[in-house]
Protein chains: 2
Amino acid sequence: MNSVLDRDDQAHLLRIGDLARMTGKSVRAIHLYEELGLLTPRTRSSGGFRLFDPSAAEQLRWIELLHGLGFSLQEMRDLRRSWWSNELGPEAMEHLRELFERKLEETRDTVRRYQQLESELEQGLSYLQTCRACATPAEVAACVHCDQDHGMTSRPALVAGITSAPERARRRSGPGFVRIEDIE
Amino acid sequence: MNSVLDRDDQAHLLRIGDLARMTGKSVRAIHLYEELGLLTPRTRSSGGFRLFDPSAAEQLRWIELLHGLGFSLQEMRDLRRSWWSNELGPEAMEHLRELFERKLEETRDTVRRYQQLESELEQGLSYLQTCRACATPAEVAACVHCDQDHGMTSRPALVAGITSAPERARRRSGPGFVRIEDIE
DNA sequence: TCACACCCTTACGTAGGCGTTAGATTGCAG
DNA sequence: CTGCAATCTAACGCCTACGTAAGGGTGTGA
């Protein structure tokens with residue numbers, strides 16, 4: 001029952017709670033975005049209430065977008081700052097272009113990394129799949145201690161880390177030792 | 001059964017600093033992993049120095065891998081715990097399988113999201129590219145306030161969010177520009 | 001005019017993953 | 001034996017993106 005401030009031009013402005021409900025953000029979050037300069041209320045009511053114009057919702061969605069894509073609020077602020085800072089013309093854009101290009105490379109890297117992890121996971125699953133088919137040897141008592149290689153050359157990295165023994169239950173590691181001097 | 005150390009064995013064990021250098025982790029990080037039960041030194045020197053066997057490096061790489069997958073250290077610990085806790089056989093594995101499958105989906109999602117970012121960035125760059133070709137209108141003073149659409153239907157989302165005005169420098173609805181004096 | 005939801009500012013809390021002293025040993029080369 | 005780097009434990013610091021009061025005004029339908 002608020003937000004109907006039909007006084008002259010304030011009619012179409014939103015209070016922070018309205019904005020919050022519209023965007024699914026919390027009031028606190030919006031405050032924070034403002035502190036960081038990502039969003040500014042168009043004005044305040046005489047009593048000090050923030051009044052936003054509706055485009056603020058789009059701005060919030062932009063923030064959400066970038067946040068979902070791994071930008072920090074700081075980065076967003078820097079982005080905007082660099083754009084608005086100096087009254088440079090084409091240079092501001094050049095700056096932005098460079099930033100975008102860096103981010104693009106980073107992003108491509110990230111994609112590659114995640115694709116690799118995808119494949120790690122697939123290998124892990126495929127390994128565990130072979131375990132399923134394994135006739136559980138009662139003598140060994142549990143898959144957990146299974147020594148079979150199930151036809152795979154070795155345990156995939158993901159599985160190996162989990163099954164590497166904790167505490168002092170470590171199994172004697174296979175061949176060879178390494179000297180400290182040999183490593184570097 | 002296994003595991004009683006003779007003196008010679010200690011020659012092949014690593015001190016924490018060696019391990020750190022090998023893996024690029026900090027000493028502090030390794031301490032932390034130990035606190036969380038993700039890694040255990042095989043033994044200690046008589047003076048209390050941690051002595052790891054070289055496979056610890058693999059374990060550290062595993063941690064790194066999962067970290068990159070978005071696992072928290074807690075989750076890793078839980079993973080290992082659930083694996084070693086009950087001597088359940090196939091069930092432990094089933095559990096793990098499910099976990100991997102969930103993570104796999106998540107990862108594919110992540111890949112998609114980043115690919116979307118990639119394309120957003122490309123669009124942004126392409127938009128800014130058109131700016132480059134723009135004969136800078138001297139009257140407007142700066143690209144920053146440029147109103148041209150440069151042949152694109154609209155500003156890409158990334159650019160739009162950045163260029164939406166900060167502070168009280170917002171543009172009025174409709175066409176028109178902002179004076180530099182109005183900014184700041 | 002009152003009730004009552006909203007909103008204001010200020011400021012401390014949280015969780016994850018370490019960084020960073022700090023003061024006290026330990027290990028090893030010389 | 002000395003010296004110096006490496007380690008030890010313990011504990012506080014930091015950053016992010018808010019959550020969550022606390023204490024006190026604001027807006028407005030009844």
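Chain letters run A, B, ... following the sequence lines, proteins first and then strands; every chain starts at 1. What you see below is based on every heavy atom in this structure, not just the backbone, and it leaves out hydrogens, waters and symmetry mates.
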Applying side-chain hydrogen bond (donor to acceptor under 3.5 Å, both in side chains), name anything that partners B/E75, two or more places apart in sequence or on another chain.
-> none
May I ask you to verify if any side-chain N or O of B/S26 is less than 4.0 angstrom from the OP1 or OP2 atom of C/dG19?
-> yes
Looking at B/R102 and B/E106, does any basic side-chain N land under 4.0 Å from a carboxylate oxygen?
-> no
Identify each donor-acceptor pair in which a side-chain atom of residues 56-64 of chain A lies under 3.5 Å from a protein atom, sequence neighbours left out, and give them as a table.
residue, atom, partner, partner atom, Å
A/Q59, OE1, B/S164, OG, 2.7
A/Q59, NE2, A/L38, O, 3.4
A/Q59, NE2, B/G161, O, 3.2
A/W62, NE1, B/A157, O, 3.4
A/W62, NE1, B/L158, O, 3.2

Protein-nucleotide distance (A/R77, atom CZ; D/dA17, atom P), rounded to Å = 11 Å
Only counting residues at least two apart or in another chain, list the ones meeting salt bridge (Lys or Arg N to Asp or Glu O under 4.0 Å) with A/D109.
-> A/R112
List in chain and number order the residues that pass side-chain hydrogen bond (donor to acceptor under 3.5 Å, both in side chains) with B/R113, two or more places apart in sequence or in another chain; answer none if no residue qualifies.
-> none
Phosphate oxygens OP1/OP2 of D/dC18: is one of them under 4.0 Å from a side-chain N or O of A/Y33?
-> yes
B/L32 CG to C/dG19 C1', straight-line distance once rounded to whole Å | 11 Å
Sugar-phosphate atoms are those with a prime plus P, OP1 and OP2; base atoms are the rest. Using that split, label each nucleotide of nucleotides 23-30 of chain C B, S or - for protein heavy atoms under 4.0 Å, 5' to 3'.
-> ---BSS--
Starting at atom CD1 of A/I63, determine the distance to atom C1' of D/dT16, rounded to an integer number of angstrom.
-> 15 Å
When rounded to whole Å, the CG to P distance for the pair A/L51 and D/dT26 reads 14 Å
What pairs with B/E105 under side-chain hydrogen bond (donor to acceptor under 3.5 Å, both in side chains), at least two apart in sequence or on another chain?
-> none
note: A/L13, atom CG; D/dT26, atom P; distance rounded to Å ~ 19 Å
Can you pull every protein N or O that's under 3.5 Å from an N or O on nucleotides 12-15 of chain D?
none

Lys/Arg cation over aromatic A/F71: A/K103, 6.0 Å, 45° cone = yes
Would you kindly give the NZ-to-C1' distance between B/K25 and C/dC18, to the nearest whole Å?
-> 10 Å
Using whole Å, report how far CZ of B/R44 lies from P of D/dT7.
-> 13 Å
Has A/H31 got a side-chain N or O lying under 4.0 Å from the OP1 or OP2 atom of D/dC18?
-> no
For A/E118, salt bridge (Lys or Arg N to Asp or Glu O under 4.0 Å) partners two or more places apart = B/R108
When all nucleic acid strands are considered with a 4.0 Å heavy-atom cut-off, which category describes A/I16: base, sugar-phosphate, or nothing?
-> sugar-phosphate
Rounded off to whole Å, could you give me the CG-to-C1' distance for the B/D18 and D/dT7 pair?
-> 11 Å
Partner set under side-chain hydrogen bond (donor to acceptor under 3.5 Å, both in side chains) for A/H67, not counting sequence neighbours | none
